[in-house]
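Scroll down for the structure; my scribbles are underneath it.
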Amino acid sequence: MKHELNDVLTTVSGSTNAQKELRAAQSKWLAYKESQCGDFVVADAQGSPAAIVVDLACQADLYKERISFLKNYFNQ
């Protein structure tokens with residue numbers, strides 16, 4: 001997922017004059033991903049061994065959403 005997102009970001013970055021804004025938005029998205037899938041998910045799982053699986057599933061869902069958003073927004 002990370003590689004696919006990086007590929008999409010490279011592609012869309014070349015098709016916009018707003019590269020600085022795109023980088024800033026991506027940085028904010030990464031912080032959002034960490035806040036949604038990091039401590040929040042682990043705390044909600046209450047130390048369960050499944051916490052890692054839930055965290056990875058959360059991240060995968062958000063990566064898919066981000067990739068889809070960027071592709072749609074930039075008509076890729």
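In this chain, residues are counted from 1 in sequence order.
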Taking side chain to side chain contact (heavy atoms under 4.5 Å, CB included) as the definition, give me every residue that meets it alongside [X], ordered by chain and number, with sequence neighbours left out.
X   : answer
S13 : Q19, L22
L56 : I52
K71 : E4, V8, I67, Q76

> Under 3.5 Å, side chain of T10 to main-chain N/O of N6, donor-acceptor pair present?
Replying inline: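 Flag set: sc T10 to bb N6 pair under 3.5 Å.
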> Restricting to pairs with a member in residues 16-28, which pass salt bridge (Lys or Arg N to Asp or Glu O under 4.0 Å), not counting sequence neighbours?
Replying inline: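 Residue pairs passing salt bridge (Lys or Arg N to Asp or Glu O under 4.0 Å), neighbours aside: none found.
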> Above 12 or not: heavy atoms from other molecules or residues under 6.0 Å from CG of N72?
Replying inline: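 Yes - once you tally the heavy atoms of other residues, nucleotides and ligands closer than 6.0 Å, there are more than 12.
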> Any ring-ring contact (aromatic ring centres under 6.0 Å, His included) pairs touching residues 1-25, not counting sequence neighbours?
Replying inline: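 Every pair satisfying ring-ring contact (aromatic ring centres under 6.0 Å, His included) with a residue in residues 1-25: there are none.
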> Tell me, which pairs form a ring-ring contact (aromatic ring centres under 6.0 Å, His included) where one or both residues lie in residues 10-33, sequence neighbours left out?
Replying inline: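 Sorted result for residues 10-33: W29-Y63.
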>> Please find the pair of heavy atoms, one from K33 and one from L62, that lie closest to each other, and give the distance.
In response: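 That would be CA-CD1, 3.9 Å.
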>> Using every non-hydrogen atom in the two residues, find where Q59 and C37 come nearest and quote the distance to one decimal.
In response: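 Result for this residue pair: N-SG, 3.4 Å.
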> Atom CG of L5 and atom CZ of R66: how far apart are they, to the nearest 0.5 Å?
Replying inline: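 The distance works out to 7.0 Å.
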> If you round to the nearest 0.5 Å, how far is CG of N75 from OG of S15?
Replying inline: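 It comes to 9.0 Å.
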